[in-house]
Each structure stands twice: as structure tokens, then as C-alpha cells.
*Asks:* 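Got a structure for you, written out below as C-alpha cells; questions coming shortly.
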Amino acid sequence: MKYLTSSDGDIALAAAALAAGKLVAFPTETVYGLGGDAFNPQALARIFEAKNRPRFDPLIIHIAEKGALEKIADPGALDSEGRERLALLAARLWPGPLTLILPKKKAVPDLATSGLPTAAVRFPDHQTAQKLILLSTGAVAAPSANPFGYLSPTRAEHVREQLGDKTDFIIDGGKTKVGLESTVLDISSSQARLLRPGGCSLEQIEALIGRVAVFSPLSSDSDAGRSSPGQLKSHYAPRTPLVLYAPGRLGSLAPKGGEGFLFFDRSSCGAWLAAGNAGGANRGKAFFLSETGRAAEAAANLFDILHKMDDLGLSLIRAEEAPPEGLGAAINDRLRRAEAAGECRC
Ligand code: TXA
Ligand code: MG
């Protein structure tokens, strides 16, 4: 594995490697992706191997110009309402943290879509990612660059620690801005469905296309009925078990040795420390997601702080939910899945 920078020379080198079937981890505005040429089945197979990802879980194909959509998706297979939705969403929210599920073109390898009749398409809002995609093949399949089920990487170091030599290159673009994966929205049929809350809020989407049905794997009893193959109940999880509390409920708990506390904002963390929880064995084990209580800032810090807490060897992470509006919904989705992963380990 070789580290690269975001310089034009390094991006050109990485783009040539991608076009030649190699794997390149690269930054996007959401999280780092593990990229391979979407039309090269060998490269796609290596992505699944590197992540230890089940083959039933399809990949997102990244583009960097709207015209490239037609290489992957077949908007002609949508009804007129569907085409209108696609036009609105692409015009207003691309580039950005929104992945659209659309009827696929035949030429897209089955490995990319896990044999589904649909494909996931995303246009990332990140200069390095865009240059890389444009200079390579124009269509780059890229799941988050982490082993299957673990926290997504928000820094190049996370990718190196988690995937090491399983990728040929890592482009270091610093900490990602949004910090949570893209929102996955299925508009392949007559009812638009939210499959994964993410960096683009449901409110933003509904303001454009009206009501969207929300699929929640967390409220269903098993993974069997999931609509999106990757919507496993336990996912996006640190190694450390995590327990989740409703907003405001964490502040009254006293820590036991070895436990970490994750508050939503600085003031609730500060009040808890001031209440006599600052000393001794607890030092350095309390964290907060946002200085000012803003969900976007909290989202940007979530995986970064969970990575840090995971490295402390804690026995348990006690975490507080975000207020559920806007990006708070996506934060709580990830925290609930992390909690569910612990239940699965028991
Ligand atoms: O922000 C992101 O989306 C990042 C960056 C790298 O772009 N990528 C990412 O990819 O999170 P991944 O593979 O970790 O998550 C893709 C999700 C999975 O839950 C997968 O099941 C779902 O998208 N997906 C992909 N194709 C699908 C399809 N045809 N139908 C339904 N869900 C699909
Ligand atoms: Mg992922």
C-alpha cells in the first residue's frame, strides 16, 4: 500500500491505477471509499475480498458528471413521475451526500449490484474524488473503506489501520467534512423509499419530491425482510459494546471503571464532569460530539470520536442520542446499529 496526496500528479497516478484494475481508497465529503473500476469484475471481486463483504451487499457507483449516470442507470425504465423525481434530486442535491437507487443498465457487472435489477449511483461533492473519477473510467465502485460491519473511515489513517495492504493506494485528503455515509434513496419504483438515513436529511429530500416512505431495519425483528441488502441491523459498529440513552438521560449516571461516556454536546458533558465525575480513573474517558449542539458538527465528529474511543480499550461506551431532527436521525441510526452489534456479540 502506498500513501498519495491530493496533488494533481498523485491523482493522475491513482486514476491510472484504477483504470488498470487496482484499488484506490479516496476521500469523499462523507467517508473514505475503497474504489475500483465499476466495469472491471476482477477489481470488484477484490473490493469484496478486501472488506470481507458478503456478495449479496451491492456497491455504490460513483460518477463525477451528471451525463455519466446513463452509463449505469436507465432512467427510461422509470415512469414519468420517477423521471421527474430524478431530475429534481440530481439538479438540486448533486453533487452531494445522496445515493440514488435506479433501474440499472445491462452492461453494469452483476457483482457491482449483487445481481439486483437496480444500481446505486452517487455524485460526491469532493474535488479530489471528482478529479479521480473523471481521470480514470468515469464510474468508480466504492463502498466505505472499512472491514464489513465496522465503523466507516473519516481519515486516511483509519483506512490504513483497517485495510492496510488490501488496498494498493490511499489518497490522504484529511478528515472528511460530513462524517456520515450518504443517504440512500430508492426511486426505482413508484414509491420513493429511504433505505439509509445519511448526510442528506429526509427533510431536504421531502421538500423537493414530497413524502418518502422510511424503511427501518432497526424496527424489524430480523434482517430477513430488509429492502436494501446492506441495511443490516448491526452495522457501523465499534469493537467496544455501546449502550444508548435518550437525550438528557446520560447526565445522571456515574461511571464505573473502564467505561467511556459520549455526550451529544459540550455543555451536557461539562455539566456531568462538574457534577463530580471528572476524577481518577474516568479522566479522558468523556467525549462530546458537538461544541454548540449542531447536528451537522456532531455528524462530522461521530465516527472520528468512536474510532478514538475504540482505541482506549474501554469495557463499554455509554452514548447519548442526538435530537432527532435533520442529521440527528442519521446519527441516531448509526448509534442504534452500533448498540445492536453489541447485542449480537452477546
Ligand atoms: O457515503 C457513502 O455512501 C460512502 C462513500 C464512499 O461514497 N459509501 C458507502 O458505501 O457508504 P457502502 O457500500 O458502505 O454502503 C452502500 C449502501 C449499502 O447499504 C448497500 O446495501 C446499499 O448502499 N445499496 C447499494 N446498491 C443498492 C441497491 N441496488 N439497492 C438497494 N441498496 C443498495
Ligand atoms: Mg459501509
Side-chain angles (χ1 to χ4, degrees), residues 28-31 33 35 37-39 57-126 129-130 133-134 137-144 178 180-216 226-231 326-327 329-330 333:
T28 77
E29 81 279 32
T30 57
V31 299
D37 175 8
F39 286 92
D57 192 1
L59 307 175
I60 297 176
I61 301 179
H62 296 62
I63 57 174
E65 53 184 342
K66 287 179 191 164
L69 176 74
E70 311 248 340
K71 281 201 241 175
I72 300 152
D74 182 10
L78 295 169
D79 59 19
S80 61
E81 237 180 286
R83 284 197 295 274
E84 205 173 307
R85 277 191 201 118
L86 169 60
L88 270 172
L89 293 165
R92 302 289 290 279
L93 298 176
W94 273 1
L98 174 67
T99 294
L100 295 176
I101 308 296
L102 292 161
K104 83 168 191 113
K105 279 268 163 70
K106 272 214 181 70
V108 178
D110 275 343
L111 207 45
T113 61
S114 298
L116 292 173
T118 51
V121 190
R122 166 160 138 72
F123 183 167
D125 185 16
H126 193 287
Q130 290 177 5
I133 295 163
L134 287 176
T137 61
V140 174
S144 50
V178 175
L180 284 178
E181 303 85 350
S182 62
T183 300
V184 179
L185 183 71
D186 184 351
I187 55 166
S188 65
S189 61
S190 55
Q191 169 68 67
R193 291 182 316 151
L194 179 78
L195 300 183
R196 175 174 77 180
C200 177
S201 73
L202 182 62
E203 289 88 335
Q204 260 179 305
I205 293 168
E206 289 192 326
L208 288 176
I209 62 166
R211 217 190 70 74
V212 166
V214 176
F215 168 77
S216 171
R226 62 190 177 266
S227 309
S228 184
Q231 296 301 75
L327 289 189
D333 171 82

*Asks:* As an exercise, state the distance from OG1 of T118 to CD1 of I187, rounded to the nearest 0.5 Å.
*Replies:* 11.5 Å
*Asks:* Would you mind reporting whether D333 and L180 have side-chain heavy atoms less than 4.5 Å apart?
*Replies:* no
*Asks:* Distance-only criterion, 3.5 Å: show the donor-acceptor pairs between side-chain atoms of residues 91-105 and protein atoms not counting sequence neighbours.
*Replies:*
unit_1	atom_1	unit_2	atom_2	d
W94	NE1	L98	O	2.8
T99	OG1	S182	OG	2.7
K104	NZ	V108	O	2.7
K105	NZ	E70	O	2.4
K105	NZ	A73	O	3.4

*Asks:* Only counting residues at least two apart or in another chain, list the ones meeting side chain to side chain donor-acceptor pair (under 3.5 Å) with E29.
*Replies:* R122
*Asks:* Search all heavy atoms of G138 against all heavy atoms of A68 and return the closest pair with its distance.
*Replies:* O-CB, 4.1 Å
*Asks:* To the nearest 0.5 Å, what is the distance between CG on L134 and CD1 on I63?
*Replies:* 10.0 Å
*Asks:* Any side-chain to backbone donor/acceptor pair from T30 onto E181? Under 3.5 Å, distance only.
*Replies:* no
*Asks:* Could you report the tightest heavy-atom contact between P124 and A129, atom names first, then the distance?
*Replies:* CG-CB, 4.1 Å
*Asks:* Could you give all pairs that pass the salt bridge (Lys or Arg N to Asp or Glu O under 4.0 Å) test and reach residues 72-82, with sequence neighbours left out?
*Replies:* E81-R85
*Asks:* Please give me the minimum heavy-atom distance between I133 and A139, naming the atom from each residue.
*Replies:* CG2-N, 4.2 Å
*Asks:* Show me the side-chain donor-acceptor pairs of residues 199-212 shorter than 3.5 Å, one per line, residues at least two apart or across chains.
*Replies:*
unit_1	atom_1	unit_2	atom_2	d
S201	OG	Q204	N	3.2
E203	OE2	G326	N	3.1
Q204	OE1	S201	N	3.1
E206	OE2	V212	N	2.8

*Asks:* Please find the pair of heavy atoms, one from L59 and one from A141, that lie closest to each other, and give the distance.
*Replies:* CD1-CB, 4.0 Å
*Asks:* What are the two closest non-hydrogen atoms of H126 and T28, and how far apart are they?
*Replies:* CD2-C, 3.4 Å
*Asks:* Sequence neighbours left out, what passes salt bridge (Lys or Arg N to Asp or Glu O under 4.0 Å) with D186? Give chain and number order.
*Replies:* R193
*Asks:* Locate the shortest heavy-atom distance separating S114 from P58; write the atom from each residue and the value.
*Replies:* OG-N, 3.1 Å
